[in-house]
Participant: 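I am attaching a structure below and will ask some questions about it afterwards.
Sequence positions, counted from 1, serve as the residue numbers for this chain.
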Amino acid sequence: MEEKNTSLPEPIQYTIEKIGGNWKMRILWFLRQNPKRFGELKKGIPPIADKMLSAQLKSLLADGYISREAFGEVPPRVEYAITEKGKKFIPLIKQIEQFGQKLLKEDGLIEPEKKKTAKKKVVDESQTSLF
């Protein structure tokens, strides 16, 4: 009997290796609008440990998805920013967010948004005439 290949297609596997896991997409998402310092990233992405954040930042830097700028100041200041290459992941992350919202609603974990009904315009029929 022939075994079926159950591994993911290579492009999917490669993408998961690059931005998969618990933290990389969160870091890219958090940096999407403007650069952040290490402490800002730490506060914005709890409960990540310092060692884990450092490792994830190094990996994202090595892949060219973020940049690191060190300023010659005392005390030292370093900022991380998303690169053009990293910005390419934002639409994908947005789609995952939207899909996650649907799943949460379907599973009853969040309330579906109530549709806003348009207010009907009240017309004074005495001022409208067919003739």
Participant: Hey, what do you get for CD (Q56) to CG (L28), rounding to the nearest 0.5 Å?
Facilitator: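 Reported value, rounded in 0.5 Å steps: 10.0 Å.
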Participant: Please report the interatomic distance CG(L8) to CD(E17), rounded to the nearest 0.5 Å.
Facilitator: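 Rounded to the nearest 0.5 Å, the CG-CD separation comes out at 10.0 Å.
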Participant: Around atom CD of E10, are there more than 12 heavy atoms from other residues, nucleotides or ligands closer than 6.0 Å?
Facilitator: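 No, CD of E10 has 12 or fewer neighbouring heavy atoms, counting only those of other groups under 6.0 Å.
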Participant: Tell me, do Q101 and I110 make a side-chain contact under 4.5 Å, heavy atoms counted?
Facilitator: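 Of all side-chain heavy-atom pairs linking I110 with Q101, at least one is under 4.5 Å.
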Participant: Taking atom CG of N22 and atom CE of M25, what is their separation to the nearest 0.5 Å?
Facilitator: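 If we round to the nearest 0.5 Å, N22:CG and M25:CE are 9.0 Å apart.
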Participant: Taking only residues at least two apart or on different chains, which pairs with a member in residues 94-110 satisfy salt bridge (Lys or Arg N to Asp or Glu O under 4.0 Å)?
Facilitator: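 Pairs touching residues 94-110 that pass the test: K94-E97.
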Participant: Applying salt bridge (Lys or Arg N to Asp or Glu O under 4.0 Å), can you list everything that pairs with E69, at least two apart in sequence or on another chain?
Facilitator: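 By the salt bridge (Lys or Arg N to Asp or Glu O under 4.0 Å) rule, E69 matches no residue at all.
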Participant: Do other residues, nucleotides or ligands put more than 12 heavy atoms under 6.0 Å from the CD atom of E111?
Facilitator: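 It does not: E111 CD has 12 such atoms or fewer within range.
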Participant: How would you list, by chain and number, every residue that makes a side-chain hydrogen bond (donor to acceptor under 3.5 Å, both in side chains) with S67, sequence neighbours excluded?
Facilitator: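 Applying side-chain hydrogen bond (donor to acceptor under 3.5 Å, both in side chains) to S67 gives none.
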Participant: Using side-chain contact (heavy atoms from CB on, under 4.5 Å) as the criterion, list what pairs up with F99, not counting sequence neighbours.
Facilitator: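 Listed in chain order: L103.
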Participant: Going by the rule side-chain hydrogen bond (donor to acceptor under 3.5 Å, both in side chains), which residues pair with E79 if we only count those two or more places apart in sequence or in a different chain?
Facilitator: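 Checked E79 against side-chain hydrogen bond (donor to acceptor under 3.5 Å, both in side chains); matches are R77.
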Participant: Roughly how far, to the nearest 0.5 Å, is OG1 of T15 from CG of L92?
Facilitator: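 Here the interatomic distance stands at 7.5 Å.
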Participant: Could you work out, with ring pair (Phe, Tyr, Trp, His ring centres under 6.0 Å) as the rule, every residue matching Y65, not counting sequence neighbours?
Facilitator: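 Ring pair (Phe, Tyr, Trp, His ring centres under 6.0 Å) list for Y65, sorted by chain: F89.
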Participant: Group every Ile, Leu, Val, Met, Phe, Trp and Tyr by side-chain heavy-atom contacts under 4.5 Å, then state whether Y14 and I19 land in the same group.
Facilitator: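 No; tracing contacts between hydrophobic side chains, which count when under 4.5 Å, never links both residues.
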Participant: Sort and list the pairs that fulfil salt bridge (Lys or Arg N to Asp or Glu O under 4.0 Å) and have at least one residue in residues 18-38, not counting sequence neighbours.
Facilitator: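 Qualifying pairs, neighbours excluded: K18-D63.
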Participant: List the residues meeting side-chain hydrogen bond (donor to acceptor under 3.5 Å, both in side chains) with K88, not counting sequence neighbours, and say none if there are none.
Facilitator: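 Residues passing side-chain hydrogen bond (donor to acceptor under 3.5 Å, both in side chains) with K88: none at all.
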Participant: Which residues pass the side-chain contact (heavy atoms from CB on, under 4.5 Å) test with P9, not counting sequence neighbours?
Facilitator: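 P11, I12.
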Participant: Return yes if some donor-acceptor pair links the side-chain N/O of S59 with the main-chain N/O of A55 below 3.5 Å, else return no.
Facilitator: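 Not at all, since once roles are kept as given, no pair shorter than 3.5 Å links the two residues.
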Participant: Can you name the side-chain hydrogen bond (donor to acceptor under 3.5 Å, both in side chains) partners of K43, sequence neighbours left out?
Facilitator: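 Partners of K43 by the side-chain hydrogen bond (donor to acceptor under 3.5 Å, both in side chains) criterion come out as none, since no residue qualifies.
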Participant: Any idea which heavy atoms bring P46 and W23 closest together, and the distance?
Facilitator: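 For P46 and W23, the tightest heavy-atom pair comes out as O-CZ3, 4.4 Å.
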Participant: How would you list, by chain and number, every residue that makes a side-chain contact (heavy atoms from CB on, under 4.5 Å) with R68, sequence neighbours excluded?
Facilitator: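 Per chain and number, R68 pairs via side-chain contact (heavy atoms from CB on, under 4.5 Å) with L61, A70, V78, Y80.
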Participant: Enter the distance from I66:CD1 to L60:CG here, rounded to the nearest 0.5 Å.
Facilitator: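 One gets 5.0 Å once the value is rounded to the nearest 0.5 Å.
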Participant: State yes or no: do L104 and W29 share one hydrophobic cluster built from I, L, V, M, F, W and Y residues joined by side-chain heavy-atom distances below 4.5 Å, directly or via other members?
Facilitator: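 No; tracing contacts between hydrophobic side chains, which count when under 4.5 Å, never links both residues.
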Participant: Kindly write out the residues that satisfy side-chain contact (heavy atoms from CB on, under 4.5 Å) with L53, not counting sequence neighbours, or none if the list is empty.
Facilitator: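 Checked L53 against side-chain contact (heavy atoms from CB on, under 4.5 Å); matches are I27, F38, L41, K42, I48, L57.
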